[in-house]
**Q** 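Have a look at this one.
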Amino acid sequence: MIVAQITDMHVRRRGLMLHHMPHVKRPLRRALAAIADWSERPACIVATGDLTQSGTPEEYRTLREILRESEIPVFLVPGNHDRRDALRAGFRDHIYLHEFGPAIQYAIEFSHLRVIALDTSEGSRRGGFLDTQRLNWLSERLRERPQTPTILAMHHPPFPTGVRNFDGQEFEGRHALGAVVRDHPQIRRVICGHVHQPLVRSWCGTLGVTAPSTAPTLVLHPRAPGLAWEPGGFLLHRYENGDVSTKVVRTAAAPVSLIA
Ligand SMILES: [Fe+2]
């Protein structure tokens, strides 16, 4: 079975243009269409935060309209650009958003696999945040099915990514989360967004991955000073025989014409 991951859609009000991400709606629709057309249909889509640019009710209405086109269920995780109250109000029928509070945390249960979503957002803070309450909830969930392969989903990577400006942001609770992850070998992946580009690294006995944003993004160049375009896309996490493989799928090329 496959769990698809989309991230950093940054849906925003009409007319608002960001220089590092000029178009967002069409690339998101393209990603959803590619996921729906995949030869093995994903069981669900997990959206790991920065669902919207500013967290306004209008932006969540727009996001809702786009996601309505998906026949595959979409599970929403907040990022630092989101606002929990507006997210919950905009998606009242997504009852899992109320499983925990005030943070948005929940578990998606399948017979052979679990996805546990953590909320690493906190107000207007840019970096990650996990307090004792959120981590205790995670430990309780992990104790429920210790033999079941599990994917942890959250917006902020708790591991270093090598991307300077993001690694410079403080993630409060990172070490405490690492201790929990190390104690639970059923965790096969920690899947994140925030950096808008795909990266992989080992962390605390598991594998941490970040997904590309659905839209092409201008990012800090990985090797040289300056900026570079990363094409948009999504990840497919495929469970088979007790483990998970991850595929990067590109749906939208970088807008080359805008590089100059
Ligand atoms: Fe983002």
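Hydrogens, waters and symmetry mates are skipped; everything else that's a heavy atom, side chains included, is used. Just follow the structure's listing: the first ligand is 1, and inside any ligand the first atom is 1. For reference, positions follow the sequence shown, starting with 1. Just so you know, these numbers come straight off a predicted model, no measurement behind them.
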**Q** If you check every N/O/S atom of D50, which is the one nearest the Fe ion (ligand 1)?
**A**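 When I compare the N, O and S atoms of D50, OD2 is nearest to the Fe ion (ligand 1).
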
**Q** Report the name of the N/O/S atom of H10 located nearest to the Fe ion (ligand 1).
**A**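 The closest N, O or S atom of H10 to the Fe ion (ligand 1) is NE2.
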
**Q** Would E240 and R238 satisfy salt bridge (Lys or Arg N to Asp or Glu O under 4.0 Å), going step by step from the backbone distance to the final call?
**A** CA-CA 6 Å; E240 191 174 36; R238 186 166 191 275; 3.1 Å; yes

**Q** Fit a plane to each ring of H94 and Y96, take the angle between them on a 0 to 90° scale, and name the class: parallel (under 30°), tilted (30 to 60°) or perpendicular (over 60°).
**A**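 The rings of H94 and Y96 sit tilted, inter-plane angle from 30° to 60°.
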
**Q** Would you say the side-chain atoms of H10 and H196 include a donor-acceptor pair closer than 3.5 Å?
**A**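 A pair is found: one side chain offers a donor N or O, the other an acceptor, under 3.5 Å apart.
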
**Q** Hey, can you tell me if Y239 and H112 have their rings parallel, tilted or perpendicular (30° and 60° cut-offs)?
**A**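 Geometry flag for H112 against Y239: parallel rings.
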
**Q** Write the atom name of the N, O or S atom in D8 that is nearest the Fe ion (ligand 1).
**A**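 So the atom name we want here is OD2.
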
**Q** At less than 2.8 Å, would any N/O/S atom of H194, backbone or side chain, sit next to the Fe ion (ligand 1)?
**A**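 It does not; every qualifying atom lies at 2.8 Å or beyond.
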
